[in-house]
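Beneath this line is the structure, given in structure tokens, with notes to follow.
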Amino acid sequence: MILDEVVQFLRRVPPFQFLSEKALNAAIKGISSEFFPKGSVIATNSGQDGDFLYVIKKGGVKRLLDSDGQQIVVDYKGEGDTIGYMSLLGEDVPWSCVKAIDDTICYLLRKDHVQALIDSDGQARNSFSKSFLHPANFDTLKEDRGFSYTCGEKILFSTPVADIARNNPATASQHISIREAARLMTERKTDYIVITDADAAPVGIVTNSDLRDKVVSLGMDVNLPARTIMTEAIHSVDAGDYCYEAVLKMVKNNVHHLVVISGGCLWGVLTNHDLMLLQGTSPLSIVKAIEAQSSVDGLIPVSNKINGIYSVLLAGGARAGNILRIITEINDRLVRKIITLAERDLGSPPVAYAWICFGSEGRKEQTFKTDQDNAIIYNDPANEGEAQAAFDYFSSLSKIVRISLLQVGFPQCPALYMASNPMWRRPLKTWKKYAADWCTTPSAKAVLNTVTFFDSRTVYGDETLLTAFSRHLMSHITGNRLLLGKAASLSIKNAPPIGFLKTFVVEKSGEHKDMLNLKVKGVAPIVDLVRFFALEKGISTPTTSTLMRIEALTASHSIVKEYAEELVHAFEYIMLLRIQHQYEKIRNNLPPDNFIRPDKLSNLQRRTIKEAFQVISKIQNIVIERYREMIW
């Protein structure tokens with residue numbers, strides 16, 4: 001090991017870069033280096049490796065925490081990052097061991113030399129403190145520690161359903177009477193009973209709510225069979241599934257009980273109460289609160305609580321895709337509630353309709369509340385009178401919903417892609433004409449409309465209307481080389497911000513000078529590329545999310561097949577970085593944005609995001625080669 005190389009390296013790494021020459025020489029006295037193969041343990045928190053401060057020269061590591069018999073990732077570190085400094089202060093840091101995620105080389109500094117330097121040199125002590133004990137980092141450490149040992153890592157994404165569901169549930173034959181079912185529930189001290197068939201397979205469930213709402217309030221004869229009041233469309237979850245899957249099913253289907261299946265047989269029942277006890281701040285409690293409201297004014301405080309879900313999901317180590325799925329379900333529930341309140345005031349619609357959304361909401365990729373992007377497709381009226389009635393009704397409905405969404409925090413779309421714009425609330429035949437016009441004469445505006453509405457999905461109403469429109473749209477896209485060429489141009493419009501020497505290309509001026517736009521330069525290029533590949537293969541609604549599209553395209557699209565794993569990783573990583581950044585903004589009472597400073601990222605974060613950008617650039621170049629003669 002050549003000491004000059006060590007000094008040159010450390011001169012680029014905080015806090016060593018701030019030390020005087022004398023202090024740096026004192027710190028590296030007796031320094032050594034060691035190679036750690038991928039997967040090997042570098043250090044533990046048991047004290048046996050406490051003699052050294054590790055500085056990562058090359059490679060990367062992950063810190064792991066023991067939690068209920070599992071090892072859970074706390075964070076990652078990369079080139080220039082340090083392991084073991086907090087133990088110099090006698091801090092009980094929340095990790096059990098550090099493992100190499102790549103072949104890794106570390107410099108090992110003797111802790112007694114570093115400690116002596118800190119004790120004797122005030123300037124050195126200040127440099128170390130600023131680097132390792134910045135208030136924000138210390139607050140995060142304290143929060144992580146508290147969360148880890150209360151409910152954090154045990155929520156949603158690391159807890160199997162079997163760990164919290166109630167085993168051996170109360171069951172009864174489908175021939176039992178309502179009276180006998182109620183008696184059994186009392187004896188078992190439970191608020192539900194599973195109704196089974198002759199083979200002991202679950203066919204329905206009776207809950208306290210059923211007894212209250214269907215029997216007591218209506219004066220029903222309690223000698224009737226319990227099957228007359230049971231909920232037949234029971235929803236199930238596997239005992240081995242993680243709890244977030246159960247949350248999604250409860251939210252999506254508006255149920256409070258799930259039958260738990262193990263090995264094809266009834267194992268138990270999971271209730272929303274079980275999940276709330278596990279989780280504390282629960283998506284289910286938000287959904288329940290939404291459903292309980294009878295006015296938009298009542299929805300406003302509930303909507304304000306949605307941001308609190310992010311802290312639970314982020315602290316629980318959730319992947320970006322899972323966060324987006326849960327937030328989408330909650331936001332959908334909020335929109336549907338607003339529409340039902342509007343229908344209550346306006347009366348029944350004169351014709352069937354579909355309230356559709358597009359953009360990030362259509363792809364189920366909303367982070368914090370984004371612009372309203374919606375439209376209405378309604379059934380073709382039978383006559384002039386019905387046409388006028390439909391026009392008047394949906395004009396009023398769209399206006400009420402637009403104002404209500406504003407009240408609960410969804411701003412208007414600046415480009416007016418909203419149902420309140422008469423252009424975007426039309427009968428199905430008009431929508432089909434739109435599709436034909438866009439694809440026959442694919443101007444820049446027409447292509448933008450095509451890809452925009454290709455991301456559509458139904459939030460409320462008759463799904464068959466959007467399905468009919470989507471099929472018609474695809475019939476005009478398939479084989480349309482001119483349209484696909486122009487769509488290809490859109491997919492490569494936003495080049496990732498990597499320069500010739502693999503440096504970040506940041507904003508050159510203005511409010512966001514020296515920052516990266518994670519949405520425009522990171523998320524959008526992946527979304528645009530994957531959407532374009534879906535257009536090529538005709539994969540449309542309901543497969544609209546980027547991750548769903550990648551999964552659907554893996555078997556049929558050569559580019560996606562080759563790069564699927566890298567695309568998923570890039571999307572998940574950039575989106576999670578964006579969510580974390582926006583959440584920190586909101587926590588500090590600042591409006592969320594998409595701009596980050598690359599110099600504030602850790603070495604591992606910078607390396608990972610560069611790799612993600614390089615994947616995007618590589619795939620964009622493939623698209624350019626395939627459609628070279630048609631790129632604008």
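- For Glu291, the CD atom sits in a packed shell: over 12 heavy atoms of surrounding residues, nucleotides or ligands are nearer than 6.0 Å.
- Between Pro427 and Asp380, the shortest heavy-atom contact is CB-OD1, 3.5 Å.
- Under the side chain to side chain contact (heavy atoms under 4.5 Å, CB included) criterion, Leu224 pairs with Ile178, Met220, Asp221, Thr228, not counting sequence neighbours.
- Inter-residue side-chain proximity for Asp241 and Val260 is flagged as unmet; no heavy-atom pair is nearer than 4.5 Å.
- Atoms CD and CG, from Glu386 and Asn379 in turn, are 8.5 Å apart once rounded to the nearest 0.5 Å.
- Nearest heavy-atom pair across Phe469 and Trp431 is CE1-O, 3.3 Å.
- Note that the CZ atom of Arg188 and the CZ atom of Arg183 stand 12.5 Å from one another [nearest 0.5 Å].
- How far CE of Met230 is from CZ of Arg227: 8.0 Å, rounded to the nearest 0.5 Å.
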Q: Please test Ile193 against Ile205 for side-chain contact (heavy atoms from CB on, under 4.5 Å), starting from the C-alpha separation and ending with a verdict.
A: CA-CA 6 Å; Ile193 189 166; Ile205 188 168; over 6 Å; no
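- Remark: aromatic rings of Tyr393 and Tyr378 are distant, center separation not under 6.0 Å.
- For the 3.5 Å distance criterion, the side chains of Ser177 and Glu180 qualify, holding a donor opposite an acceptor.
- In terms of the side-chain hydrogen bond (donor to acceptor under 3.5 Å, both in side chains) criterion, residue partners of Ser303 (sequence neighbours excluded) are, by chain and number, Lys369.
- Every residue two or more places apart in sequence or in another chain that forms a side chain to side chain contact (heavy atoms under 4.5 Å, CB included) with Gln293 is listed here: Leu299, Val302.
- Contact of the Ile403 side chain with the Gln407 side chain is registered, since non-hydrogen atoms from C-beta on lie closer than 4.5 Å.
- Using cut-offs of 30° and 60° for the angle between ring planes, the Tyr310 and Phe368 rings count as parallel.
- Ser470 places no side-chain N or O within 3.5 Å of a backbone atom of Thr467 that could act as its donor or acceptor partner.
- Residues Asp373 and Cys413 are in side-chain contact: their nearest non-hydrogen atoms beyond the backbone lie under 4.5 Å apart.
- Distance alone, capped at 3.5 Å, places no donor-acceptor pair between the Gln372 side chain and the Leu405 backbone.
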Q. Taking it one step at a time, do Val335 and Glu361 satisfy side-chain contact (heavy atoms from CB on, under 4.5 Å)?
A. CA-CA 11 Å; Val335 172; Glu361 186 182 1; 4.0 Å; yes
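- Looking at residues two or more places apart in sequence or on another chain, you find a side chain to side chain contact (heavy atoms under 4.5 Å, CB included) between Ala570 and Ile526, Ala612.
- Atom-to-atom distance recorded for Glu343:CD and Leu346:CG is 8.0 Å, nearest 0.5 angstrom.
- In the model, Ser360 has no side-chain atom that pairs as donor or acceptor with a side-chain atom of Gln366 under 3.5 Å.
- Atom-to-atom distance recorded for His569:NE2 and Ile574:CD1 is 9.0 Å, nearest 0.5 angstrom.
- No side-chain heavy atom of Ile377 sits less than 4.5 Å from a side-chain heavy atom of Arg426.
- Between Ala342 and Leu397 the shortest heavy-atom distance is CB-CD1, 3.5 Å.
- For Glu566, there are no salt bridge (charged side-chain N to carboxylate O under 4.0 Å, His left out) partners two or more places apart in sequence or in a different chain.
- Applying the side-chain hydrogen bond (donor to acceptor under 3.5 Å, both in side chains) criterion to Glu329, with sequence neighbours excluded, gives no partner residue.
- Side-chain atoms of Lys561 never come within 3.5 Å of backbone atoms of Thr554 as a donor-acceptor pair (strictly under, hydrogens ignored).
- Using a 4.5 Å heavy-atom cutoff, the side chains of Arg179 and Asn223 are in contact.
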Q) Are Val98 and Lys62 close enough, and set up right, to give a side-chain contact (heavy atoms from CB on, under 4.5 Å), and what steps lead you there? A) CA-CA 6 Å; Val98 178; Lys62 59 184 177 182; over 6 Å; no
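- A pairwise comparison of heavy atoms in His257 and Thr271 identifies CD2-CG2, 3.6 Å as the closest pair.
- For Gln580, the side chain to side chain contact (heavy atoms under 4.5 Å, CB included) criterion is met by Leu314, Leu576, Leu577, not counting sequence neighbours.
- In this structure, Phe453 has its ring center closer than 6.0 angstrom to the ring center of Trp424.
- Between Leu428 and His472 the shortest side-chain heavy-atom distance does not fall below 4.5 Å.
- The shortest heavy-atom contact between Phe454 and Thr544 is O-CG2, 4.3 Å.
- Here Thr464 pairs with Asp462 under the side-chain hydrogen bond (donor to acceptor under 3.5 Å, both in side chains) rule; sequence neighbours left out.
- Judged as a salt bridge (charged side-chain N to carboxylate O under 4.0 Å, His left out), and not counting sequence neighbours, Glu232 has no contacts.
- In this structure the side chain of Thr328 reaches within 4.5 angstrom of the side chain of Arg457, judged on heavy atoms.
- Between Ile306 and Leu334 there is a side-chain heavy-atom pair separated by less than 4.5 Å.
- Thr458 contributes no side-chain N or O that, together with a main-chain N or O of Ala354, makes up a donor-acceptor pair within less than 3.5 Å.
- Val255 and Lys249 get closest at one heavy-atom pair: CG2-O, 4.3 Å.
- Of the inter-residue distances, the one linking Tyr460 atom OH with Cys357 atom SG reads 15.0 Å to the nearest 0.5 angstrom.
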Show which side-chain atoms of residues 167-174 pair as donor or acceptor with protein atoms under 3.5 Å away, not counting sequence neighbours.
| from | atom 1 | to | atom 2 | distance (Å) |
| --- | --- | --- | --- | --- |
| Asn167 | ND2 | Trp267 | O | 2.5 |
| Ser173 | OG | His175 | N | 3.1 |

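- The backbone N or O of Ser420 lies less than 3.5 Å from a partner atom in the side chain of Arg425, making a donor-acceptor pair.
- Pairs of residues two or more places apart, or lying in two chains, that qualify as side chain to side chain donor-acceptor pair (under 3.5 Å) and include a residue from residues 189-208 are Thr207-Asp210.
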Q. Does the pair Lys214 and Ser209 meet the rule for a side-chain contact (heavy atoms from CB on, under 4.5 Å), with working shown?
A. CA-CA 8 Å; Lys214 300 175 183 178; Ser209 297; over 6 Å; no
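- Legend: residues meeting salt bridge (charged side-chain N to carboxylate O under 4.0 Å, His left out) with Asp455, ordered by chain and number and at least two apart, are Arg363, Arg531, Arg549.
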